[in-house]
Amino acid sequence: MNLDGAEITVLGAGVAGLAVARALALRGAVVTVLEQAAAIEEVGAGLQISPNGAAVLRGLGLGEALEAASMRATAVDLRDGLDDSRVLRLDLARLRPGQGYHLMHRADLIDLLATGARAVGVHIRLLQRIETVDLAGPRPRLVTAQGAELTPALVIGADGLHSKLRGALNGVEAPFFTRQVAWRAVIPAEPGAAPVAEVHMGPGKHLVSYPLRGGTLRNIVAIEERMRWAEEGWNLKDDPMSLRVAFESFSPKVQGWLEAVQETWLWGLFRHPVARVWHRGLPDGAVAILGDAAHPTLPFLAQGANMALEDAWVLAAMLSRHDPPEAMAAYQAARAPRCAKIVAAANNNARAYHLGGPLRDLAHMGLKLGGWLAPGLALKRYDWIYGFDVTHPGHPAH
Ligand SMILES: Cc1cc2nc3c(=O)[nH]c(=O)nc-3n(C[C@H](O)[C@H](O)[C@H](O)COP(=O)(O)OP(=O)(O)OC[C@H]3O[C@@H](n4cnc5c(N)ncnc54)[C@H](O)[C@@H]3O)c2cc1C
């Protein structure tokens, strides 16, 4: 399809929505983003952008903005949370030339994507909560919370875990609790903090931390297994003391960080299975979903936003080449197997990170041994994730 002048409506101004909006606008489309919030904001927390996501940002012409807003990580360190000994190091200096692993504030990523989208004419409309998505007619029909009715021909749902479009395509189902909760906090970083993403593993819980914003801040995500989430909402402001108590068996280094936490929020981690249906062609229109709307994941591989960036590139590329129903089918065929594999690998990491008892000692010993014998191998095991570049001329989606 020639995207020049094609009108496309995107639901949601998160990573997926803003990235696909810029990708489509760069190919000539006239894009409107409908966002429910009153302002484009993100929670105060960090994000790891791995080489596969960074490649998309560079492909979208945002490489310089990414470098300016992020820190390049030198390693991902898996550590024993209890005694702080190193279990395995992914030495990121071994990445291929040109690849970078970035640590950044979420708000900075959203800001660079929103600025990048607006710069190519994307119209972002705030306070536009879509309450109903109806796919029974010739065109998608959207009804906003204010009762306004819209019937754009092409709609892309980047509306996250609680996506209305996902429900319209797959039937409405409540997301399920993954039996994991996450505290998030940002503290001042210690001077000279190395740009390393540290994963501190303990029985039934783990904690991820890395510096942000030129090493002035330190991001903390602390995960704990819980049988149920009894709260009304998806998150709640929590007492930093509950976080300290939950991780009191961890090393003095971790406890020192947690002592500095002044404010924290606790999230119940919910998800859906990877959606069965990602798109539909209508007599006079078409719809597709991407990002968390299509494949919400546990954050244990730090790939949710990276997959959303890959989706955005592939969907825009397919739409520029084929008519919408065919483009969207090709998009799902290209993306669904990879996303399902990443989601499954993130689930496996939950088990591996949270081992207890003799199994834990055995697993740590195996990883340590592997790291000593073949230090390059650890990173190679992630090549299928980090080495995947949807923007590369050799990639089918280019
Ligand atoms: C603790 C934690 C740590 C993480 N760390 C990483 C990491 O390091 N790296 C990584 O790649 N990923 C990470 N992730 C995952 C990542 O945050 C998500 O996968 C990513 O943000 C999904 O982006 P999205 O745009 O698809 O959805 P969202 O960010 O949820 O955006 C959806 C947007 O749509 C809007 N919206 C929703 N419903 C409506 C509606 N009805 N009408 C209008 N607008 C609507 C919302 O307001 C929002 O702006 C982490 C997740 C968690 C929980």
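Both counts, for ligands and for their atoms, begin at 1 and track the order of listing.
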Which residues pass the ring pair (Phe, Tyr, Trp, His ring centres under 6.0 Å) test with His162, not counting sequence neighbours? Trp234
Going by side-chain heavy atoms closer than 4.5 Å, which hydrophobic residues are tied to Met241, directly or by a chain of links? Val245
I need the contact residues for ligand 1: any residue with a non-hydrogen atom closer than 4.0 Å to the ligand, ordered by chain then number. Gly12, Ala13, Gly14, Val15, Ala16, Leu34, Glu35, Gln36, Leu47, Gln48, Arg106, Gln128, Arg129, Ile130, Ala158, Asp159, Gly160, Lys164, Arg184, Val221, Leu269, Gly291, Asp292, Pro299, Ala302, Gln303, Gly304, Ala305, Asn306
Short side-chain donor-acceptor distance under 3.5 Å, Gln303 and Asn52: yes
Examine the side chains of His272 and Asn170 and answer whether a donor and an acceptor come within less than 3.5 Å of each other. no
Going by chain and number, the hydrophobic cluster around Leu355 (ILVMFWY, side chain to side chain under 4.5 Å) further includes Leu359
Side-chain touch Leu379/Tyr386, heavy atoms, less than 4.5 angstrom: yes
